[in-house]
Amino acid sequence: MRVAVATRFFMGLFEETMLKEIRNKMNAVLDELGWEHPDFQVERPRDRAFGHASSNIAMTLAKTLRRAPRDIAAELAEKLKDRVPGVETIGVEGPGFINFYYSASYFQAFIPRIRREKQRFQCEFSGKGKTVQVEFVSANPTGPLTIGHGRQAVLGDSIARILEWHGYDVTREYYFNDAGRQMRMLGASVYARYRRMSGDDMPIPEGGYEGEYITDIARQFHEEYGGDRTDEDLQVFIDFAAKAIFHTITASLRRLNIVHDVYYNERDLYRNGKIDAVLKELETKGHVYRKDGAVWFKAEAFGAEKDRVLVKSSGEPTYRLPDIAYHREKLLRGFDMIVDVFGSDHHATYPDVRAALEALGHDTSRIRVLLHQFVTLTRAGRKIKMSTRKAEFVTLDELIDLAGPDVVRYFYIMRSMGSHLNFDIALAQKQSDENPVFYLQYAHARMHNILVHSREKGIASYEDADLSLLKEDEIIALLEHMIEFRDVMYLCLSSLEPMHLANYLYRLATAFHKCYTVHRVVTEDIELSKARLQLIDAVKIILANGLQLLGIRTPEKM
RNA sequence: GCCCCGAUAGCUCAAUUGGAUAGAGCAACGGUCUUCUAAACCGUAGGCUACAGGUUCGAUUCCUGUUCGGGGUACCA
């Protein structure tokens with residue numbers, strides 16, 4: 001009961017995180033001293049020997065104040081004394097860092113709050129009332145999704161989940177084109193297979209698709225339409241193939257727990273005249289010219305590398321024009337933020353789109369383009385080459401068959417999107433301790449089991465626990481990791497890089513596993529058991545929350 | 001040629017966006033189950049952060065070159 005009162009007392013003060021609280025107090029002290037506000041940091045030091053929080057402010061002030069950093073630090077530390085809630089001692093260490101050491105009770109007090117707020121622990125809903133569109137995958141329906149698409153799918157969906165957690169109203173969107181040369185090639189490839197089924201020795205067209213899925217589609221077509229269709233029905237073949245492939249694409253995504261809200265078809269932009277409208281407007285504003293029978297956009301005038309062709313001399317638009325029209329539509333649809341997740345092969349195309357949008361008078365600062373590097377697949381250290389056309393690839397589906405959806409999702413997320421992802425099939429396939437996914441899930445299963453076990457031992461309720469009993473080093477370390485959650489989520493939001501969450505959860509699981517091996521939760525000491533059960537209940541909430549944000553399941557048994 | 005991204009332990013990658021002694025996993029070696037799950041924990045070993053300069057209190061991080069990988073540089077998408 002003693003702690004319950006203390007907790008309520010602290011509650012109002014805990015609306016800020018540790019780091020923000022320190023920053024606020026620091027700013028107040030600067031004002032009192034009449035010093036300028038430098039660009040300083042308050043962070044969790046890597047090494048716990050340097051306290052629970054640390055600031056470099058003294059070093060950043062050294063130059064303008066013309067004083068030794070340690071000297072400045074000492075003065076600030078003296079001023080801050082007893083003013084930051086939860087801080088026991090403040091030290092001046094190293095070249096002039098100010099280090100803050102918190103009391104155990106500060107950390108203990110977070111447990112009731114986590115248990116009350118659950119998944120929304122420390123969520124400040126910064127995105128409330130704002131809409132965001134996340135475009136990802138956007139593969140044209142020419143074949144099943146590959147391992148490369150998989151990375152984008154998981155990245156995009158995890159980013160969407162992180163935005164949702166912050167309160168954003170998220171639209172997951174898939175942009176595709178089922179017209180054009182590649183689709184005609186697809187139709188012709190299916191047609192060739194289809195003819196062969198009727199005994200004709202028809203060759204696959206030059207540059208056509210050769211995968212086994214083509215044969216499957218031809219067979220389905222044969223079953224539905226019979227064997228006497230001719231190439232005059234090519235559009236029928238195209239439509240049939242596109243539909244079938246789209247079906248497999250959405251099925252693959254659903255296996256990873258990914259569902260798009262909107263499927264935006266490029267053809268609609270032609271049908272409803274949006275493409276003509278964009279072209280006309282660029283023309284009236286004087287941003288295009290004609291050369292060699294083609295229509296060119298003066299991209300150079302807007303900072304792009306060189307001018308680009310929008311309409312070929314054949315009268316057919318290049319891919320750029322619909323891209324511009326589509327992005328313009330996104331802006332007009334009124335999203336507060338637009339996130340484009342693209343493969344690194346798109347990095348050259350986006351500046352042109354942005355240039356055109358600016359030429360049309362749009363503010364493009366709402367658009368964030370995230371480029372991710374490619375995935376290389378290795379098996380026993382050897383690279384596997386991938387090509388959709390040649391069908392020399394491992395499909396996303398095959399990968400999920402092999403490793404399971406949780407492993408697939410985690411592997412795609414655990415590396416930063418800016419670096420190449422080396423997907424080791426052999427490792428992903430291992431259902432053993434070599435596989436980091438199980439490390440996280442095992443932690444969750446262990447937590448669950450402890451809670452079950454406590455009931456079996458006759459501890460019906462642990463609500464009246466005395467949390468001041470939680471004071472061992474490993475337990476405080478675990479608590480520290482727990483309250484880091486909000487900072488990590490903030491980092492994920494500002495960087496749109498879900499890897500940070502994956503790394504954090506790994507650290508959290510480690511802190512838990514260490515604790516688990518050293519301190520038994522359910523013992524003969526009922527009071528101590530109750531306190532630790534509250535702790536476990538709280539960690540479980542955070543871990544489960546994080547795993548769900550990455551779309552990874554939280555098993556209760558393993 | 002030009003543009004973008006990358007280069008960190010044997011391998012795959014981190015490093016709180018400029019901070020203190022550069023950290024994990026895997027692989028190697030050694031130790032820990034009568035206990036709530038050993039899919040765990042502890043320890044040992046492993047580094048001139050590709051190279052050369054520069055910027056400052058301080059650089060894996062920023063700037064300039066060089067080397068090596070990947071991508072782009074279409075009237076292909």
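First the proteins, then the strands, lettered A, B, ... as listed; each starts at 1.
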* To do: Identify the nucleotide, in any strand shown, that forms a Watson-Crick or G-U wobble pair with B:U44, with both distances under 3.5 Å; if there is none, say none.
  => B:A28
* Structure fact -> Side-chain contact check for A:F97: nearest option of B:A39, B:C36, B:A20 is B:A20
* **pair A:Y410-A:L505: side-chain heavy atoms closer than 4.5 Å** => no
* From B:C13, B:A20, B:C36, nucleotide with atom closest to A:S419 side chain -> B:C13
* To do: Would you classify A:A294 as touching base, sugar-phosphate or nothing, given that sugar-phosphate means primed atoms plus P, OP1 and OP2, and contacts are heavy atoms under 4.0 Å?
  => base
* Structure fact -> Judged by nearest nucleotide, the residue sitting upstream toward the 5' end of RNA chain B, A:Y506 or A:N503, is A:N503
* B:C51 pairs with, by Watson-Crick or G-U criteria that keep both distances under 3.5 Å -> B:G65
* To do: On the 0 to 90° scale, with breaks at 30° and 60°, tag the A:F485-A:Y504 ring pair as parallel, tilted or perpendicular.
  => tilted
* Rounded to whole angstroms, how far apart are CZ on A:R354 and P on B:C3? -> 20 Å
* Assign A:R46 to base, sugar-phosphate, or nothing according to its heavy-atom contacts below 4.0 angstrom with the strands shown. => base
* Asked: Counting any heavy atom closer than 4.0 Å, what does A:S454 reach on the DNA or RNA strands: base, sugar-phosphate only, or nothing?
  -> nothing
* Write down the distance between CD (A:Q373) and P (B:C4), rounded to a whole number of angstrom. => 14 Å
* Would you indicate which nucleotide in B:A39, B:C13, B:A40 comes nearest to any side-chain atom of A:R446? => B:A40
* Asked: With no hydrogens and no angle check, do the side chains of A:K540 and A:H444 hold a donor and an acceptor under 3.5 Å apart?
  -> no
* To do: To the nearest Å, give me how far apart OH (A:Y412) and P (B:U12) are.
  => 18 Å
* Structure fact -> Ranking B:C76, B:U17, B:A39 by distance to the side chain of A:K312, first place goes to B:C76
* Asked: Using 30° and 60° as the class limits, which term best fits the ring planes of A:Y326 and A:Y264: parallel, tilted or perpendicular?
  -> tilted
* Look at the side chain of A:S54 and the base of B:A20, then say whether one donor and one acceptor between them are separated by less than 3.5 Å. => yes
* Describe the nucleic acid contact of A:T523 in one word from base, sugar-phosphate, nothing, applying a heavy-atom distance below 4.0 Å. => nothing
* Please tell me which of the listed nucleotides, B:U16, B:C75, B:C41, lies nearest to the side chain of A:K514? => B:C41
* Where the side chain of A:N422 is concerned, which of B:U17, B:A39, B:U12 is the nearest nucleotide? -> B:U12
* Asked: If you draw the axis of the six-membered ring of A:F411, does the NZ or CZ of A:R151 fall within 45° of it and under 6.0 Å from the ring centre?
  -> no
* Structure fact -> Assert: residue with more 5' nearest nucleotide on RNA chain B, out of A:H513 and A:S314, is A:H513
* Asked: In terms of side-chain heavy atoms of A:P45, which of B:C36, B:C13, B:A20 is nearest?
  -> B:A20
* Which is true for A:H372 with a 4.0 Å heavy-atom rule: it touches a base, it touches only sugar-phosphate, or it touches nothing? -> nothing
* Asked: Under 4.0 angstrom, heavy atoms only, what part of the nucleic acid is A:Y319 near: base, sugar-phosphate, or nothing?
  -> base
* State whether the distance check finds a donor on one side and an acceptor on the other, under 3.5 Å, for side chain A:H347 versus base B:G72. => no
* Asked: Does any donor-acceptor pair link the side chain of A:S344 with the base of B:C5 at a separation under 3.5 Å?
  -> no
